[in-house]
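Values in this document were obtained by computation on a predicted structure and should not be read as measured data. Side chains included, hydrogens not; waters and symmetry mates left out as well; all remaining heavy atoms used.
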Amino acid sequence: GGHMAKGKNSFVVYYDLEEQTQDFSDAQLGKLLRAAFAYEKRDELVDIDDPVVKAAFSFVRVQLREGKRKYAERCEKNKAAADKRWESQYR
């Protein structure tokens, strides 16, 4: 797939996910993680056939979206700060 040179190259998995997935088989956890990768990297919503995994993913998705929002906010702030520095340096 396409490699993103810049931007987010990681996402956070919260510890409480362990509690929510403690009854999952490895296969279920694998499906969940694959769905998370697809969503996070490619904004793809994978069709999850397992209702338990689907429920868990809806929760994960909220967290990923929140992470993306925070990341975008941080980028904006950093950009604004860089613009300011740039202006004061060369005026």
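Residues Val12 and Gln63 have side chains not in contact (no heavy-atom distance under 4.5 Å, counting atoms from C-beta outward).
Within 6.0 Å of CD on Glu18 lie no more than 12 heavy atoms contributed by other residues, nucleotides or ligands. Within 6.0 Å of CG in Asn78 there are more than 12 heavy atoms belonging to other residues, nucleotides or ligands.
No salt bridge links Asp43 with Arg65; every basic N to acidic carboxylate O contact stays at or beyond 4.0 Å. In summary, Lys84 and Glu87 do not engage in a salt bridge, as defined by a charged side-chain N under 4.0 Å from a carboxylate O. Salt bridge absent: Asp49 and Lys54 never bring a charged side-chain N and a carboxylate O closer than 4.0 Å.
Among all heavy-atom pairs drawn from Ser58 and Ala55, the shortest one is OG-O, 2.6 Å. Smallest separation of non-hydrogen atoms from Val46 and Ala35: CG2-CA, 4.1 Å.
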* Asked: Hey, mind stepping through Thr21 and Gln28 against side-chain contact (heavy atoms from CB on, under 4.5 Å) and telling me if it holds?
  -> CA-CA 9 Å; Thr21 58; Gln28 285 176 313; over 6 Å; no
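The CZ atom of Arg61 sits 10.0 Å away from the NZ atom of Lys68 when rounded to the nearest 0.5 Å. Asp26 contributes atom CG, which lies 12.5 Å from atom NZ of Lys31 (distance to the nearest 0.5 angstrom).
Counting Ile, Leu, Val, Met, Phe, Trp and Tyr side chains that sit under 4.5 Å apart, directly or through other members, Leu17 shares a hydrophobic cluster with Phe11, Val13, Phe24, Leu29, Leu32, Leu33, Phe37, Tyr39, Leu45, Ile48, Val52, Val53, Phe57, Phe59, Val60, Leu64. Through ILVMFWY side-chain contacts below 4.5 Å, Tyr15 is grouped with nothing and stands alone.
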